[in-house]
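So the structure is just underneath, and the comments pick up after that.
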Amino acid sequence: MKRINLSLIIVFALLVGLSGCMDSDNTDDTAKVKENEVAIENYLKTDSAGSKAIRDSSGLYYITRLSNPSGQLARRGDAATIKYTGYLLNGTKVVSSTVDSKTTFTFPVEGYQYWGGIERGIFLMRTGEKTTFFLPFYLASGNVDKVNIPAYSPIRLEVEFLKTRTEPQQIDDFIAAKGYKPANIERTADNLVIIRTNTVTGDTIPAGKAVSVKYVGRLLDDTKFDERTSTFTTGSAGTIPGFDRALRKLRFKEKALIIFPSALGYGKSGYNTILPYTPLQFEIEVMQP
């Protein structure tokens, strides 16, 4: 699913609340908000469950097709996994989670990286539920033409909410999938994980020490985002907290896999290709100074 500018979401969410108060001098965008609303409401008249549709304060409409009252709710920072297929209101399929041999789509809740309708809609569902969302353009693909979505298009989005995982749960899943033994795992209260892969004796590295580190950085799905040898000064502000704290628990010549949540990494903002609320793994080797 393509990303959409967060400022667009905010601006047009405000326009939804203002559209009923504006006169005939509205901008084209504001007029399209009303056109989308009328188009969605007309479509709902043709849907057998259309009378059950609820209009959210953001401007989207939704129909719960399959309810699961015992399902989990998504929370900020979780990794939510869904299946989705999107259509224009004329029935033309335009987006789907089934791409590149994948059948699901996982995204950071309130990471604000994707369609506003998805960011909002996930809070209107529980795991195990299926929902039809009707998204006005400002919560979908926006006000410019895309490859197969015309500008200002309202979208019907069929969504199944499969699961939601906190960052500690994602780290647990990763450890279990890799088969690491509990006896080899050191874990702090804030979920910094260190798995040493060789044995070295001596003192750990103190703060204020310049160290050369060979490392490979990956996401928990093993996607590599960085690989290099660099020099760091422990305890300095120039290193992300999880990486720095792990170094100070290691010794020169020691090798380890370290894993930590976004609170010790790039947090709610992310960095370059690293999305918000993303736990990270690093294979590191502390070189002799």
Side-chain angles (χ1 to χ4, degrees), residues 1-22 26-45 47 49-65 67 71-78 80-89 94-95 97 105-127 129-144 146 149-161 164 268 275-277:
M1 181 169 291
K2 296 179 180 179
R3 301 184 183 187
I4 185 169
N5 191 305
L6 179 56
S7 62
L8 186 67
I9 298 170
I10 295 172
V11 168
F12 287 109
L14 292 173
L15 285 176
V16 170
L18 295 173
S19 59
C21 305
M22 294 185 175
N26 292 344
T27 64
D28 289 343
D29 286 347
T30 307
K32 291 294 185 180
V33 171
K34 187 60 179 178
E35 286 183 22
N36 275 205
E37 184 176 357
V38 171
I40 290 170
E41 290 181 348
N42 285 338
Y43 184 94
L44 289 171
K45 294 175 183 177
D47 191 304
S51 62
K52 299 179 181 178
I54 299 172
R55 186 180 187 277
D56 181 68
S57 59
S58 67
L60 65 78
Y61 293 71
Y62 67 100
I63 302 170
T64 301
R65 304 290 188 180
S67 179
Q72 289 182 277
L73 294 169
R75 297 180 299 177
R76 177 188 298 164
D78 284 1
T81 300
I82 63 175
K83 289 183 179 180
Y84 69 85
T85 307
Y87 306 85
L88 302 180
L89 295 189
V94 290
V95 292
S97 56
F105 172 68
T106 300
F107 66 100
V109 175
E110 287 198 354
Y112 298 114
Q113 299 295 306
Y114 301 100
W115 284 5
I118 288 295
E119 298 284 0
R120 172 58 188 158
I122 199 65
F123 289 108
L124 302 173
M125 300 182 70
R126 292 178 180 268
T127 54
E129 293 188 337
K130 296 182 180 180
T131 301
T132 303
F133 291 100
F134 297 90
L135 309 180
F137 74 93
Y138 56 87
L139 295 177
S141 193
N143 60 354
V144 295
K146 299 296 171 61
I149 305 178
Y152 298 109
S153 292
I155 299 291
R156 171 170 64 88
L157 197 66
E158 304 291 345
V159 179
E160 181 180 1
F161 189 5
T164 182
K268 63 181 180 180
L275 295 180
Y277 303 114

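Keep in mind that this is a model prediction, so the values were computed, not measured.
To the nearest 0.5 Å, the span separating OG1 on Thr85 from CD1 on Ile155 amounts to 12.0 Å. Residue Thr81 holds its OG1 atom at 9.0 Å from CD1 of Ile122, rounded to the nearest 0.5 Å. Note that CG of Asn36 and CG of Leu139 are 9.5 Å apart. Values are rounded to the nearest 0.5 Å. Between Lys83 atom NZ and Phe105 atom CZ the span is 15.0 Å, to the nearest 0.5 Å. Going from atom CZ of Arg75 over to atom OH of Tyr277 covers 12.5 Å, rounded to the nearest 0.5 Å. Atom-to-atom distance recorded for Asp47:CG and Asn42:CG is 13.0 Å, nearest 0.5 angstrom.
Looking at residues two or more places apart in sequence or on another chain, you find no side-chain hydrogen bond (donor to acceptor under 3.5 Å, both in side chains) involving Tyr62. Every residue two or more places apart in sequence or in another chain was checked for a side-chain hydrogen bond (donor to acceptor under 3.5 Å, both in side chains) with Thr127, and none qualifies. For Arg156, the salt bridge (Lys or Arg N to Asp or Glu O under 4.0 Å) test picks out Glu158, with sequence neighbours left out. The side-chain hydrogen bond (donor to acceptor under 3.5 Å, both in side chains) check on Asp56 picks up Ser58, Arg120, with sequence neighbours excluded. Among residues two or more places apart in sequence or in another chain, the ring-ring contact (aromatic ring centres under 6.0 Å, His included) test is passed with Tyr61 by none. The ring-ring contact (aromatic ring centres under 6.0 Å, His included) search around Phe134 returns Tyr43, not counting sequence neighbours.
The shortest distance between side-chain heavy atoms of Thr64 and Ile54 does not fall below 4.5 Å. In this structure, Glu110 and Lys268 have side chains that are not in contact, with every pair of non-hydrogen atoms separated by 4.5 Å or more.
Across every non-hydrogen atom of Ala74 and Phe161, the tightest pair is CB-CZ, 4.0 Å. Closest approach of Pro276 and Gly111 over heavy atoms only: CG-O, 3.6 Å. Minimum heavy-atom separation, Glu37 to Arg55: OE2-NE, 3.8 Å. When all heavy atoms of Pro108 and Tyr114 are compared, the pair lying nearest together is CD-CE1, 4.3 Å. Minimum interatomic distance between Ile40 and Pro136 (heavy atoms only, all atoms of both residues): CD1-N, 4.0 Å. The minimum heavy-atom distance between Leu60 and Gly117, with the atom names listed, is CD2-O, 4.0 Å.
Between the side chain of Glu119 and the backbone N or O of Gln113, at least one donor-acceptor pair lies under 3.5 Å. Remark: side-chain polar atoms of Asp78 are not paired, donor with acceptor, to backbone N or O of Val109 under 3.5 angstrom. Thr131 places no side-chain N or O within donor-acceptor distance of the main-chain N or O of Val159, the cut-off being under 3.5 Å.
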Exercise for review: Start with the C-alpha distance between Lys34 and Thr30, add both sets of side-chain angles, then the distance that settles side chain to side chain contact (heavy atoms under 4.5 Å, CB included), and finish with yes or no.
Suggested key: CA-CA 7 Å; Lys34 187 60 179 178; Thr30 307; over 6 Å; no
Exercise for review: Tell me, with the steps shown, if Val144 and Lys146 meet side chain to side chain contact (heavy atoms under 4.5 Å, CB included).
Suggested key: CA-CA 6 Å; Val144 295; Lys146 299 296 171 61; 3.6 Å; yes
Practice item. Decide yes or no on side chain to side chain contact (heavy atoms under 4.5 Å, CB included) for Leu157 and Ile118, but give the supporting numbers first. Key: CA-CA 9 Å; Leu157 197 66; Ile118 288 295; 3.3 Å; yes
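In this structure, Arg76 places its CZ atom where only 12 or fewer heavy-atom neighbours from other residues, nucleotides or ligands lie under 6.0 Å away.
Using a 3.5 Å distance cut-off with no hydrogens or angles, the side chains of Asp29 and Tyr152 do pair a donor with an acceptor.
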